[in-house]
Amino acid sequence: MNDRSKNKTILGVERRALAYSEGLRTYMLSVYNYMALGLGLTGGVALLVVSSPALLQAIMPMMLFFVIAPVALVFFLSFRINAIQYSTAQTVFWLYAALNGVAFSLIFMTYTYESIARVFFITAGMFAAMSLYGYTTRKDLTAWGSFLFMGLIGLIIASVVNIFWASSMLQFLVSVGGVIIFTGLTAYDTQSIKEGYTEGSSKEVAGKRAIFGALRLYLDFINLFFSLLRLMGDRR
């Protein structure tokens with residue numbers, strides 16, 4: 001191969017690498033934008049509900065629905081994301097975030113606004129640091145997945161047990177475990193979402209992947225937030 005051919009080959013590789021890098025950056029920005037807007041919608045709805053006594057009084061008898069419905073929507077998106085249309089996935093994601101806002105209005109009745117704001121910013125800092133680590137590290141975090149998943153199952157079981165046991169010590173351990181597990185999941189999910197990017201995907205496919213990635217990071221954020229709030233929040 002002569003020098004001219006080599007230069008063309010190198011230039012082609014560089015262009016493909018640049019195109020891939022730009023596509024990945026756009027994709028990840030879409031993921032983070034969906035997540036941030038979802039969190040904003042959740043917080044806005046929560047503040048709207050708690051600031052209106054009449055609305056809060058009307059919703060309280062149906063609060064169990066607003067707790068269960070978001071869980072059902074998570075399962076729906078998890079199992080049907082590839083089958084539904086992009087527009088449907090968007091609608092379900094926004095509905096999920098809004099319903100969560102209604103349920104999360106209870107935290108404003110339980111904790112002071114100051115401690116909620118403080119814990120939110122701490123959560124945001126921790127999340128940003130771990131997500132950046134997951135995005136930039138060359139270490140394969142795949143092995144974290146099974147460990148974190150087992151820890152999550154244990155966390156759920158312990159939380160259910162504590163509903164009946166009502167142990168403050170177990171609650172403390174669950175909260176500490178939640179901080180550790182969801183901090184790790186933030187890095188793991190970020191790397192997984194990044195590696196799931198496929199260059200040349202259609203707008204429909206890329207959009208649905210971005211929404212599902214945003215859902216994963218949204219769940220990591222809010223669970224980390226609640227774990228920290230139980231540890232550091234000031235109750236009314």
Side-chain angles (χ1 to χ4, degrees), residues 22-52 54-108 116 120 123-124 127-128 131 134-135 149 152 156 182 185-186 188-226:
E22 285 297 317
L24 176 61
R25 189 177 76 87
T26 300
Y27 170 71
M28 292 303 295
L29 280 175
S30 179
V31 172
Y32 287 121
N33 285 338
Y34 271 119
M35 175 203 153
L37 290 172
L39 288 172
L41 178 59
T42 297
V45 171
L47 285 172
L48 175 65
V49 171
V50 79
S51 63
S52 173
L55 181 60
L56 185 61
Q57 185 176 6
I59 286 174
M60 283 302 292
M62 301 181 292
M63 191 57 73
L64 184 60
F65 166 79
F66 291 106
V67 172
I68 295 175
V71 177
L73 291 178
V74 168
F75 280 105
F76 176 80
L77 278 178
S78 298
F79 291 105
R80 299 289 296 170
I81 189 66
N82 293 322
I84 60 178
Q85 295 183 345
Y86 176 35
S87 57
T88 303
Q90 287 179 306
T91 301
V92 173
F93 180 76
W94 300 133
L95 179 60
Y96 165 76
L99 290 176
N100 263 346
V102 177
F104 293 174
S105 64
L106 294 176
I107 71 171
F108 290 96
I116 291 173
F120 176 84
T123 304
F127 178 90
S131 189
Y135 186 83
F149 180 74
L152 181 59
I156 294 172
F182 289 106
L185 278 173
T186 298
Y188 170 80
D189 283 339
T190 300
Q191 186 180 82
S192 177
I193 293 166
K194 176 186 176 183
E195 292 180 348
Y197 168 72
T198 304
E199 188 178 11
S201 297
S202 66
K203 182 180 178 181
E204 179 86 6
V205 172
K208 290 193 293 184
R209 287 180 178 175
I211 289 174
F212 189 63
L215 177 65
R216 292 170 66 179
L217 294 181
Y218 176 103
L219 288 169
D220 293 337
F221 187 98
I222 61 171
N223 281 290
L224 177 59
F225 170 74
F226 279 123

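As the structure is a computational prediction, the values presented were derived from the model and not from experiment.
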Chemist: For the pair Thr26 (side chain) and Glu22 (backbone), establish whether a donor and an acceptor sit closer than 3.5 Å, ignoring hydrogens and angles.
Modeler: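 Checked: pair present.
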Chemist: Between Arg216 and Ser192, is a side chain to side chain donor-acceptor pair (under 3.5 Å) present by the stated rule, with each step listed?
Modeler: CA-CA 10 Å; Arg216 292 170 66 179; Ser192 177; 3.3 Å; yes
Chemist: Do Phe108 and Val49 touch side chain to side chain, with heavy atoms closer than 4.5 Å?
Modeler: no
Chemist: Distance alone, cut at 3.5 Å: any donor-acceptor contact between the side chains of Thr42 and Tyr96?
Modeler: no
Chemist: Drop me the distance from Phe212's CZ to Ile193's CD1, to the nearest 0.5 angstrom.
Modeler: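 The CZ atom of Phe212 sits 8.5 Å away from the CD1 atom of Ile193.
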Chemist: Between Leu41 and Ala97, which heavy-atom pair has the shortest distance, and what is it?
Modeler: CD2-CB, 3.9 Å
Chemist: Take the angle between the ring planes of Tyr27 and Tyr197 and call it parallel below 30°, perpendicular above 60°, tilted in between.
Modeler: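 Aromatic pair Tyr27/Tyr197 classed tilted.
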Chemist: Going from CG on Leu48 to OG on Ser105, what distance comes out if it is rounded to the nearest 0.5 angstrom?
Modeler: 9.5 Å
Chemist: Begin from the C-alpha positions of Met63 and Phe66 and carry the test side-chain contact (heavy atoms from CB on, under 4.5 Å) through to its verdict.
Modeler: CA-CA 5 Å; Met63 191 57 73; Phe66 291 106; 4.3 Å; yes
Chemist: Could you go through the side-chain contact (heavy atoms from CB on, under 4.5 Å) check for Leu73 and Phe93 one step at a time?
Modeler: CA-CA 8 Å; Leu73 291 178; Phe93 180 76; over 6 Å; no
Chemist: Rounded at 0.5 Å granularity, tell me how far CG in Leu215 sits from CG in Leu77.
Modeler: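 Going from CG on Leu215 over to CG on Leu77, the span is 6.0 Å.
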Chemist: Determine, step by step, whether Ser78 and Val74 satisfy the side-chain contact (heavy atoms from CB on, under 4.5 Å) criterion, reporting the C-alpha distance in whole Å, the side-chain angles of both residues, the deciding distance to 0.1 Å, and the verdict.
Modeler: CA-CA 6 Å; Ser78 298; Val74 168; 4.1 Å; yes
Chemist: side-chain contact (heavy atoms from CB on, under 4.5 Å) for Gln90 and Tyr34? Distances and angles first, verdict last.
Modeler: CA-CA 9 Å; Gln90 287 179 306; Tyr34 271 119; 2.7 Å; yes
Chemist: Does any part of the side chain of Met60, heavy atoms only, come nearer than 4.5 Å to the side chain of Leu106, both counted from C-beta?
Modeler: yes
Chemist: Side chain to side chain contact (heavy atoms under 4.5 Å, CB included) with Leu217: which of Ile222, Leu39, Val31?
Modeler: Val31
Chemist: Hey, mind stepping through Thr198 and Arg209 against side chain to side chain donor-acceptor pair (under 3.5 Å) and telling me if it holds?
Modeler: CA-CA 10 Å; Thr198 304; Arg209 287 180 178 175; 3.0 Å; yes
Chemist: Test side chain to side chain donor-acceptor pair (under 3.5 Å) on Thr190 and Ser131 and set out the steps.
Modeler: CA-CA 6 Å; Thr190 300; Ser131 189; 2.9 Å; yes
Chemist: Taking the six-membered ring of Tyr135, is the NZ or CZ of Lys194 close enough (under 6.0 Å from the centre) and on axis enough (within 45°)?
Modeler: yes
Chemist: Hey, could you give me the CG/CE distance between Leu219 and Met35, rounded to the nearest 0.5 Å?
Modeler: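 With rounding to 0.5 Å, CG (Leu219) is 10.0 Å from CE (Met35).
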Chemist: Please test Asp220 against Tyr188 for side chain to side chain donor-acceptor pair (under 3.5 Å), starting from the C-alpha separation and ending with a verdict.
Modeler: CA-CA 10 Å; Asp220 293 337; Tyr188 170 80; over 6 Å; no
Chemist: Using ring pair (Phe, Tyr, Trp, His ring centres under 6.0 Å) as the criterion, point out the one residue from Phe225, Phe120, Phe226 that pairs with Phe104.
Modeler: Phe226
Chemist: Kindly give the heavy-atom pair with the smallest separation between Pro70 and Asn100, and that separation in Å.
Modeler: CB-OD1, 3.3 Å
Chemist: Heavy-atom count check: over 12 atoms from other residues, nucleotides or ligands less than 6.0 Å from Gln85 CD?
Modeler: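 Counting other residues, nucleotides and ligands, CD of Gln85 stays at 12 neighbours or fewer.
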Chemist: Once rounded to the nearest 0.5 Å, what's the spacing between atom CG of Leu185 and atom CG of Leu152?
Modeler: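 Between atom CG of Leu185 and atom CG of Leu152 there are 6.5 Å.
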Chemist: Is the backbone N or O of Ile84 less than 3.5 Å from a side-chain atom of Lys208, with the two atoms forming a donor-acceptor pair by type?
Modeler: yes
Chemist: Working to the nearest 0.5 angstrom, can you tell me the gap between Glu195 CD and Gln191 CD?
Modeler: 4.5 Å
Chemist: Measure across Ile81 and Ala89 and return the closest heavy-atom pair with its distance rounded to 0.1 Å.
Modeler: CD1-CB, 3.9 Å
Chemist: Give the minimum heavy-atom separation between Val71 and Val67, together with the two atoms involved.
Modeler: CG2-O, 3.7 Å
